[in-house]
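One structure is given here, and the rest of the page talks about it.
Fair warning: this is a prediction, and the values are worked out from it, not measured in the lab. Quick note on labels: first sequence line is chain A, next is B, and so on, each numbered from 1.
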There are 2 protein chains.
Amino acid sequence: MGRKTTITDVARAAGVSKGLVSFALNDRPGVSPDTRDRILDVARELDYRPSLSARSLSTRTSYALGLVIARDPEILGADPFFPSFIAGVERVLSAEGRALVLSVVGDDAHEQTVYRTFASDARVDGMFLTDLRHDDPRIPLLQSLGMPAVTLGDPDARHAARASADDAGRTAHPYPSVVLDDTAGVVELAHHLAGLGHRRIAHVIGPRRMMHATRRDAAFAGALAEAGCPAPIVVETDFTAAEGAAATGRLLDLAEPPTAIVFGNDPMAIAGIGIAHERGLQVPRELSVAGFDDSELARYVFPSVTSVRSDPLVWGEQAARTLLQLIATGASDDVELPPARLVTRASTGPAPTP
Amino acid sequence: MGRKTTITDVARAAGVSKGLVSFALNDRPGVSPDTRDRILDVARELDYRPSLSARSLSTRTSYALGLVIARDPEILGADPFFPSFIAGVERVLSAEGRALVLSVVGDDAHEQTVYRTFASDARVDGMFLTDLRHDDPRIPLLQSLGMPAVTLGDPDARHAARASADDAGRTAHPYPSVVLDDTAGVVELAHHLAGLGHRRIAHVIGPRRMMHATRRDAAFAGALAEAGCPAPIVVETDFTAAEGAAATGRLLDLAEPPTAIVFGNDPMAIAGIGIAHERGLQVPRELSVAGFDDSELARYVFPSVTSVRSDPLVWGEQAARTLLQLIATGASDDVELPPARLVTRASTGPAPTP
DNA sequence: CTGAAAGCGCTTACAG
DNA sequence: CTGAAAGCGCTTACAG
């Protein structure tokens with residue numbers, strides 16, 4: 001077998017210079033059609049595969065994209081969002097010969113380190129920014145590192161100072177975003193519950209520092225107000241089933257417990273139903289429950305869980321395309337995906353009549 | 001800011017040759033202590049970070065490890081194994097300056113392509129082999145590609161032809177394995193159910209082509225036989241909650257339905273409980289249910305799910321250490337982790353008296 | 001203990 | 001349209 005065939009082997013076999021082989025392979029102008037075909041044929045015959053590290057060194061490109069997930073492994077396992085998102089990303093990357101470099105970190109200090117290391121090692125050419133936070137420190141960090149990125153959802157207006165050299169009419173944040181309007185589904189959910197006669201409603205949300213948590217909170221509360229309902233009781237959690245269960249317990253202990261609880265993800269909703277059943281409450285006759293993300297399991301528990309469906313897979317695909325375009329061309333437009341929709345199932349029903 | 005500082009900058013600033021800087025940085029012998037300290041100081045001052053791609057080109061090493069997951073995105077999302085496993089891997093890799101390159105593939109043909117591409121691009125220095133299959137084609141494939149690997153669990157004896165040049169007493173398969181005996185917990189579970197008086201027991205397993213599915217099947221059936229129980233009814237699924245639910249429905253439709261159903265993972269068990277409840281069956285009074293993996297949610301549904309706890313996080317850590325050692329030294333011992341244990345919860349109880 | 005040089009396998013101006 | 005050469009930033013024999 002010997003060594004891998006290199007560009008030198010191809011050049012020799014085709015009787016041309018290495019440079020010309022490189023030009024032919026990367027189909028750049030300045031190679032006559034005949035020569036190009038000959039070179040390509042030889043390369044195929046020799047099963048030539050360019051060396052990634054040699055290309056990387058020359059082009060200062062790693063041909064990889066990075067994703068740093070700052071969530072507890074426990075939650076990662078329970079929450080189906082990331083696996084689906086990653087599958088979507090993969091679908092695009094593998095077709096483009098790019099790889100995904102993944103890192104899972106616990107605390108914030110370590111998170112910073114990973115971003116810095118990915119950048120200074122030039123380990124990746126760009127990064128996906130998920131679970132966007134308020135005044136997200138990663139945005140200025142990546143900007144200062146000169147690292148391209150794409151955000152899932154729009155960042156704060158705070159970061160609106162996009163380089164003034166930009167054309168007018170460009171989006172107002174430093175990185176392109178792929179937006180999936182999750183508030184649409186939350187608003188539908190509020191109307192759904194209000195229409196069922198619920199008045200005392202609780203909202204068990206994810207960490208407040210994450211933008212999607214406060215955004216959905218605001219959308220839900222706004223829609224309820226619009227529907228003439230009192231403000232919901234809001235409980236903040238870390239997205240784990242454990243905290244979802246604990247929050248449910250506390251809510252049901254109230255003097256006037258809610259008749260409907262909306263959870264920030266499906267695992268918490270399923271845990272909430274568990275607590276209700278444990279206490280002998282019927283769902284939805286005595287308590288309505290809804291989740292978010294519409295995971296597979298939501299369909300198969302009893303009662304099946306009303307949820308809000310986003311599309312992490314498509315989100316991943318679009319994010320990957322957007323990031324690749326940004327890297328290739330230096331600019332990329334924001335993308336707006338179809339909004340999240342309410343999926344009504346058996347866990348929500350008419351409010352109990354006192 | 002200008003260019004990144006290179007080894008040349010450090011050499012010039014320290015007044016030595018590039019080669020010596022390289023020696024000092026990779027602490028190899030042949031550098032006087034004084035010189036070494038001076039070089040290290042200068043490197044620190046200049047915030048020197050060696051270029052990964054330059055090192056890669058010289059050393060033919062990518063400083064990355066690969067994981068190819070061949071599961072449907074849906075299942076990936078429902079099954080907590082991989083996220084936890086990845087978190088464990090990460091914990092070791094990030095400390096060693098290595099990255100994890102991830103790929104999620106649907107079909108087998110694509111899987112082969114990814115392994116080949118990772119190898120021919122030298123994208124990774126070694127690979128994790130999870131969800132080991134019978135006569136797993138990936139083992140000869142990776143061997144032929146000269147790619148180091150570590151397997152989760154022992155592969156078939158078929159691959160026992162480890163190079164004869166090896167010392168005697170070495171493990172008999174081509175790659176080191178990290179073994180976590182899942183049969184121990186399954187056997188405990190069989191005894192648990194038999195002790196509760198169950199006789200008609202069903203086992204809803206994962207894909208038969210995966211070794212852990214048939215291995216657990218054999219262990220479970222063996223332990224039941226030992227306990228004087230009839231052979232279990234075995235149903236094969238693809239690990240999705242959907243198929244878990246469907247299998248449950250079919251089992252409950254039998255003329256003599258089982259009084260206990262054991263599922264190959266927790267999402268299927270939770271879906272199974274859903275179906276039982278939907279049919280008005282009490283769990284565990286009329287039907288006992290058990291899962292596998294002991295995911296977070298298992299604790300919080302109602303009734304809480306008896307399950308078998310492996311430790312994917314530790315599995316990931318050990319697999320990463322083993323693979324890194326294999327790559328560094330050319331050899332690595334097999335690792336045996338503590339066996340999986342039964343976690344008894346509320347979903348299993350005495351067999352109903354007819 | 002230290003230096004000068006070649007080499008890893010590409011890409012990319014620069015000549016012709 | 002094509003070739004010869006330098007350069008990317010490291011590592012590693014080889015001399016001294």
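- Only A/Ser32, A/Thr35, listed by number, bring a heavy atom of residues 32-51 of chain A to less than 4.0 angstrom from any atom of DNA chain D.
- Looking at residues 55-63 of chain B, you'll see B/Leu57, B/Ser58, B/Arg60 sit with a heavy atom under 4.0 Å from some atom of DNA chain C.
- Distance check: B/Ser120 OG to B/Leu145 CG gives 8.0 Å after rounding to the nearest 0.5 Å.
- Contact record, B/Leu324 with B/Glu96: CD1-CG, 3.7 Å, taken as the closest heavy-atom pair.
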Please list every donor-acceptor pair under 3.5 Å in which a side-chain atom of residues 16-28 of chain B meets a protein atom from a residue at least two apart or in another chain.
| from | atom 1 | to | atom 2 | distance (Å) |
| --- | --- | --- | --- | --- |
| B/Ser17 | OG | B/Leu20 | N | 3.3 |
| B/Asn26 | ND2 | B/Ser22 | O | 3.1 |

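- Scored by the side chain to side chain donor-acceptor pair (under 3.5 Å) test, B/Arg44 finds B/Asp41 as partners (sequence neighbours excluded).
- Rounding to the nearest 0.5 Å places CG of A/Leu67 at 7.0 Å from CE of A/Met127.
- Under the 30°/60° scheme for interplanar angles, the aromatic rings of B/Phe85 and B/Phe81 are found to lie parallel.
- Counting to the nearest Å, the C1' atom of D/dC1 and the CZ atom of A/Arg28 are 15 Å from each other.
- A donor-acceptor pair under 3.5 Å links the side-chain atoms of B/Tyr175 to the main chain of B/Gln143, judged by distance alone.
- Residue B/Gly19 is the one, among A/Val21 and B/Gly19, whose nearest nucleotide of DNA chain C lies closer to the 5' end (criterion: closest heavy atom).
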Under the side chain to side chain contact (heavy atoms under 4.5 Å, CB included) rule, what do A/Arg12 and A/Asp9 come out as? Steps first, then yes or no, please. CA-CA 5 Å; A/Arg12 186 160 29 218; A/Asp9 302 326; 3.4 Å; yes

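- One can place CG of B/Leu25 at 16 Å from P of D/dG9, the figure rounded to the nearest angstrom.
- Spacing between atom CZ of A/Phe23 and atom P of C/dA15 amounts to 15 Å, rounded to whole angstrom units.
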Just the dot-bracket of DNA chain D, please: which string comes out with Watson-Crick or G-U pairs under 3.5 Å, [ ] for crossing, | for another strand? |||.||||||||.|||

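- The A/Thr6 side chain lies nearest to C/dG9 when the options are C/dT11, C/dG9, D/dA4.
- Here the P atom of nucleotide D/dC8 and the CG atom of B/Asp9 are 11 Å apart, to the nearest Å.
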Checking side chain to side chain contact (heavy atoms under 4.5 Å, CB included) for the pair B/Glu90/A/Val105: CA distance, chi angles, key distance, verdict? CA-CA 8 Å; B/Glu90 274 298 330; A/Val105 298; over 6 Å; no

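- Listed nucleotides: D/dC10, C/dG3, C/dT11. Nearest to the side chain of A/Asn26: C/dT11.
- In this structure, A/Leu20 places its CG atom 6 Å from C1' of D/dT2, rounding to the nearest Å.
- A/Lys18 has its NZ atom 10 Å from the P atom of C/dT11, to the nearest Å.
- Remark: P of D/dC8 and CG of B/Leu52 are 18 Å apart, rounded to the nearest angstrom.
- Atom CG of residue B/Leu52 and atom CG of residue A/Leu57 lie 11.0 Å apart, to the nearest 0.5 angstrom.
- Distance, B/Arg12 CZ to C/dG3 P: 15 Å, rounded to whole Å.
- Looking at residues two or more places apart in sequence or on another chain, you find a side-chain contact (heavy atoms from CB on, under 4.5 Å) between A/Ala13 and A/Val42, A/Leu46.
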